Amino acid sequence: INVIYAITLNRCREHQAAQKQLWNLIHTSDNVDELAILISFLISNYVHSGKLNDAINVYQTFNDKLKSSKKYPYFLRNAATIFEPSKAGQLRNTAKYIFEENGDLFGYYSTIINLTAYNLKNTSISYALSQALMAFEGLQQFGASQIHLAANNLGVCYLMNNNYVEAIK
């Protein structure tokens, strides 16, 4: 219940209380998978409260320790938000490949959505569009979760490809 409470504090933007609760749980956790999730939320908490240096320190402190976790790609995906685009793209691509390797389709498709802006800037528009479309279709099996982000990013890809009718849909 303490984990749910800490995550709820984070999601409700109660950053100071969430930070304290997350650190208490991190210090007492002996499960590397739980630790990866807790630290992912701690990084997110620092990002949302404007403490990027603290988020980077957490990443640097725990990155090697979490590599054995099944939840490591979630840590990488969250950590990507604290770095410049090149490093962020590298972390998200690594997460994407681990998700695919582990058969975590939700993680795989949602990470592809997180890569849309990177793909638009660093690959071709057609590649970014094909990736966004694949992720949009793949995420539909999970219901409403993340589908709004996928639809938005797919629309941006269509817009960048001068396909205004599809972008509006």
Side-chain angles (χ1 to χ4, degrees), residues 1-8 10-11 18 22 25-26 28-48 55-56 58-158 166 169:
I1 191 106
N2 289 330
V3 172
I4 294 170
Y5 179 62
I7 292 170
T8 301
N10 169 268
R11 302 319 285 165
L22 286 164
L25 291 165
I26 288 165
T28 59
S29 179
D30 57 0
N31 180 313
V32 71
D33 294 330
E34 180 182 79
L35 199 57
I37 297 301
L38 292 170
I39 292 168
S40 295
F41 274 100
L42 182 63
I43 287 173
S44 174
N45 196 71
Y46 280 138
V47 168
H48 292 142
I56 291 169
V58 168
Y59 170 81
Q60 292 170 338
T61 300
F62 289 98
N63 183 46
D64 287 337
K65 182 175 184 172
L66 298 177
K67 286 182 179 178
S68 64
S69 171
K70 295 181 291 189
K71 305 299 181 187
Y72 182 63
Y74 286 100
F75 165 77
L76 290 178
R77 190 177 68 187
N78 271 27
T81 62
I82 61 179
F83 293 104
E84 43 77 32
S86 177
K87 173 85 171 178
Q90 175 191 16
L91 292 175
R92 287 186 178 120
N93 273 313
T94 300
K96 180 181 84 168
Y97 293 121
I98 296 171
F99 282 132
E100 183 177 35
E101 197 174 87
N102 293 341
D104 182 341
L105 294 179
F106 179 80
Y108 175 73
Y109 291 128
S110 58
T111 302
I112 290 172
I113 292 305
N114 294 145
L115 279 161
T116 303
Y118 177 84
N119 285 338
L120 281 169
K121 186 171 182 168
N122 295 288
T123 68
S124 68
I125 293 172
S126 62
Y127 176 77
L129 175 59
S130 70
Q131 289 289 288
L133 182 59
M134 177 184 66
F136 177 76
E137 291 170 351
L139 282 170
Q140 290 183 28
Q141 66 186 296
F142 300 104
S145 183
Q146 298 289 315
I147 205 70
H148 63 288
L149 296 173
N152 180 73
N153 289 4
L154 183 57
V156 169
C157 289
Y158 279 125
E166 288 298 319
K169 289 181 185 178

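In this text, all values refer to a predicted model and were calculated from it rather than measured experimentally.
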Review point. How many angstroms lie between CD1 in I7 and CG in N45, if you round to the nearest 0.5 Å?
Key: 11.0 Å
**Study point:** Heavy-atom side-chain contact between I112 and M134 under 4.5 Å
**Key:** yes
Point to revise | S29 side chain vs L25 backbone, donor-acceptor pair below 3.5 Å | key: no
Study note, to complete from the structure: Applied to residues 80-105, the salt bridge (charged side-chain N to carboxylate O under 4.0 Å, His left out) test, sequence neighbours excluded, yields none
Exercise for review: Check for a donor-acceptor pair, side chain of S44 on one end and backbone N or O of S40 on the other, with a separation under 3.5 Å.
Suggested key: no
Review point. Going through the checks in order, is the side chain to side chain contact (heavy atoms under 4.5 Å, CB included) test met by F41 and R11?
Key: CA-CA 9 Å; F41 274 100; R11 302 319 285 165; 3.8 Å; yes
Exercise for review: Please step through side chain to side chain contact (heavy atoms under 4.5 Å, CB included) for the pair I26 and F62, ending with a clear verdict.
Suggested key: CA-CA 11 Å; I26 288 165; F62 289 98; 4.0 Å; yes
Check your understanding: So how far is it from N119 CG to I113 CD1, rounded to the nearest 0.5 Å?
Key -> 10.0 Å
Exercise for review: Please identify each residue that fulfils side chain to side chain donor-acceptor pair (under 3.5 Å) with T94, with sequence neighbours left out.
Suggested key: none
Study note, to complete from the structure: For residues 75-99, the ring-ring contact (aromatic ring centres under 6.0 Å, His included) pairs (sequence neighbours left out) are Y59-F75, Y59-F83, Y72-F75, Y74-F99
Review point. Can you name the residues that form a side chain to side chain donor-acceptor pair (under 3.5 Å) with N153, not counting sequence neighbours?
Key: T116
Revision key, fill the gap. For C157 and A132 the tightest heavy-atom approach is SG-CB, 4.0 Å
Practice item. Please assess I98 against L76 for the test side chain to side chain contact (heavy atoms under 4.5 Å, CB included), listing each intermediate value before the final yes or no. Key: CA-CA 10 Å; I98 296 171; L76 290 178; 4.2 Å; yes
**Study point:** side chain to side chain donor-acceptor pair (under 3.5 Å) involving S124 - partner list, sequence neighbours excluded
**Key:** S126
Revision key, fill the gap. Value for CG (L139) from NE2 (H148), rounded to nearest 0.5 Å, stands at 10.5 Å
Practice item. Measure the spacing between CG of L154 and CG of L129 and express it to the nearest 0.5 Å. Key: 6.5 Å
Practice item. Scan for salt bridge (charged side-chain N to carboxylate O under 4.0 Å, His left out) pairs involving residues 58-74, sequence neighbours excluded, and state none if there are none. Key: D33-K70, D64-K67
Practice item. Measure the CG-CD1 distance between L22 and I39 for me, rounded to the nearest 0.5 Å. Key: 9.5 Å
Practice item. Show your working on side chain to side chain contact (heavy atoms under 4.5 Å, CB included) between R77 and N114 and close with a plain yes or no. Key: CA-CA 8 Å; R77 190 177 68 187; N114 294 145; 3.0 Å; yes
Review point. Is the side chain of S130 donor-acceptor paired with the backbone N or O of Y127 at a distance under 3.5 Å, no angle test?
Key: yes
Exercise for review: Drop me the distance from N122's CG to S86's OG, to the nearest 0.5 angstrom.
Suggested key: 7.5 Å
Check your understanding: Looking only at heavy atoms, which two atoms of P73 and A95 are closest? And how far apart?
Key -> O-CB, 3.4 Å
Practice item. Output yes when a side-chain donor or acceptor of Q141 lies under 3.5 Å from a complementary backbone atom of G138, and no otherwise. Key: yes
Review point. Which pair of heavy atoms, one from A6 and one from A18, lies closest together, and at what distance?
Key: O-CB, 4.0 Å
